[in-house]
There are 2 protein chains.
Amino acid sequence: MRIGELSRRTGVPTRLLRYYEEQDLLRPERGANGYRSYAESAVADVRQIRGLLDSGLTTEMIRAILPYLGGPGELHPPAECVTPQTAALLQDHLLRIQSRIDCLTRNRDRLSAYLAAVRPQSGGR
Amino acid sequence: MRIGELSRRTGVPTRLLRYYEEQDLLRPERGANGYRSYAESAVADVRQIRGLLDSGLTTEMIRAILPYLGGPGELHPPAECVTPQTAALLQDHLLRIQSRIDCLTRNRDRLSAYLAAVRPQSGGR
DNA sequence: CTTGACCTTCACACTGATGTCAGACTCCGA
DNA sequence: TCGGAGTCTGACATCAGTGTGAAGGTCAAG
């Protein structure tokens with residue numbers, strides 16, 4: 001699919017899709033006319049990238065971990081290609097992600113408890 | 001305490017402490033000489049702010065929820081002061097935080113699974 | 001062939017978070 | 001009283017992510 005369709009299907013402006021490519025997060029094929037050509041899986045990839053960006057990861061961090069985040073049946077870099085340095089880097093990212101989760105969870109619970117205390121009757125909207 | 005000590009005790013540059021004040025996240029007193037004077041609790045406040053910023057929240061979002069995140073014994077705005085609009089806003093922030101948690105958790109699990117597969121001998125941390 | 005929708009690259013601009021520097025003031029100790 | 005450390009404000013710089021527009025190429029429908 002071309003960039004416009006991918007944009008429509010993900011809600012992400014074409015500008016950003018090009019930017020993600022520049023940042024090496026997406027790697028569309030190119031047609032003979034120079035147009036980008038995305039695989040079907042790019043839709044999920046873009047959603048993945050957006051979620052991570054929204055969660056405070058930088059494109060650099062995402063670039064580092066993206067190859068290892070594929071779904072269950074996907075191709076990952078095989079173990080032989082993962083140097084101890086890379087593994088250490090991933091481990092480090094993992095810790096950072098975990099600390100973000102901890103912080104957000106802690107504050108979600110606090111906020112949630114406060115809301116519950118303030119509107120004990122509220123059953124949502 | 002003055003800004004330098006707060007900076008040393010939190011590891012956050014004075015520049016940022018002033019920025020957080022500008023963003024209305026901190027409200028130090030002012031001495032007769034114009035110097036900022038922080039309460040002891042500011043240390044915890046700054047750590048809280050840093051954690052939330054690192055987790056991808058903007059100062060705007062933090063400003064919105066910060067008054068409601070105090071520890072168990074702390075003073076919160078009482079229920080009478082919380083309009084339905086405010087409550088709805090907080091509920092909205094809560095959802096956003098939850099979706100970040102979900103995204104990060106998903107990716108933590110994937111990354112973690114990958115690492116476990118690649119280095120089966122490693123016992124995690 | 002023309003038009004319009006889509007695509008290309010390039011470039012400038014903005015925002016939010018942060019770094020850095022300059023010039024001036026306060027305070028404290030030698 | 002002087003000097004240095006700390007503080008003040010204000011301004012400019014940087015970086016990532018994003019918005020926007022110009023100038024032009026591709027292509028299908030009329």
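Reminder, nothing fancy here: chain letters follow the sequence lines and each chain counts from 1.
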- Let me know the distance between CG of Leu17(A) and P of dT20(D), rounded to the nearest Å.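 Answer to the nearest Å: 15 Å.
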
note: Glu5(B), atom CD; dA5(D), atom C1'; distance rounded to Å ~ 15 Å

Between the CD1 atom in Ile49(B) and the CG atom in Leu52(B), the distance rounded to the nearest 0.5 Å is 8.0 Å

Less than 4.0 angstrom between a side-chain N/O of Arg36(B) and OP1 or OP2 of dC8(D), yes or no?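 Affirmative; the distance criterion is met.
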
Would you mind telling me which of dG19(D), dA16(D), dG16(C) lies closest to the side-chain atoms of Thr59(A)?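 For the Thr59(A) side chain, the nearest candidate turns out to be dA16(D).
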
Task: Protein-nucleotide distance (Ile49(B), atom CD1; dG16(C), atom C1'), rounded to Å - done: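 The distance from CD1 of Ile49(B) to C1' of dG16(C) comes to 15 Å, rounded to the nearest Å.
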
### Message
Please pick, from dA11(C), dC6(C), dC8(D), the nucleotide with the shortest atom-to-atom distance to any side-chain atom of Arg30(B).
### Response
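Given the options dA11(C), dC6(C), dC8(D), the side chain of Arg30(B) is closest to dC8(D).
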
Task: Given dC6(C), dT20(C), dG19(D), the nucleotide with the shortest approach to the side chain of Pro13(A) - done: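 From the listed options, dG19(D) comes nearest.
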
Testing dG19(C), dT26(D), dA11(C) for proximity to the side chain of Arg15(A), the answer is dA11(C)

Whichever of Tyr20(B) and Arg8(A) has the more 5' nearest nucleotide on DNA chain C, that residue is Arg8(A)

Whole-Å distance, Asn33(A) CG to dC27(D) P, equals 5 Å

Requested in this report: Please report, rounded to the nearest Å, how far the P atom of dC6(C) is from the OH atom of Tyr38(A).
Outcome: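 Rounded to the whole Å, the gap is 16 Å.
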
Arg18(B) CZ to dG16(C) C1', in whole Å, measures 19 Å

- [ ] Please figure out whether Thr14(A) or Tyr35(B) has its closest DNA chain C nucleotide nearer the 5' end.
- [x]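 Between the two, 5'-proximity favours Thr14(A).
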
- Once you round it to whole Å, what is the distance between P of dC6(C) and CG of Leu6(A)?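 Answer to the nearest Å: 15 Å.
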
From CD1 of Ile3(B) over to P of dT7(D), roughly how many Å is that when rounded to an integer?
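Spelled out: CD1 on Ile3(B) to P on dT7(D) is 7 Å.
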
Checklist entry - How many angstroms lie between CG in Leu94(A) and CG in Leu111(B), if you round to the nearest 0.5 Å? => result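 Between atom CG of Leu94(A) and atom CG of Leu111(B) there are 5.0 Å.
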
Would you give the length of the straight line joining atom CD of Gln98(A) to atom SG of Cys103(A), rounded to the nearest 0.5 angstrom?
->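 It is 12.0 Å, given to the nearest 0.5 Å.
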
task = With the side chain counted from C-beta on, respond yes when Arg30(A) and Arg36(A) share a heavy-atom pair under 4.5 Å apart, and no when they do not.
result = yes

Phosphate oxygens OP1/OP2 of dT18(D): is one of them under 4.0 Å from a side-chain N or O of Tyr19(A)?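 Indeed not, no polar side-chain atom of Tyr19(A) lies that close.
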
Picking from dT9(D), dC7(C), dT18(C), the nucleotide nearest the side-chain atoms of Arg50(B) would be dT18(C)

Closest non-hydrogen contact found for Pro77(B) with Tyr114(A) is O-OH, 2.5 Å

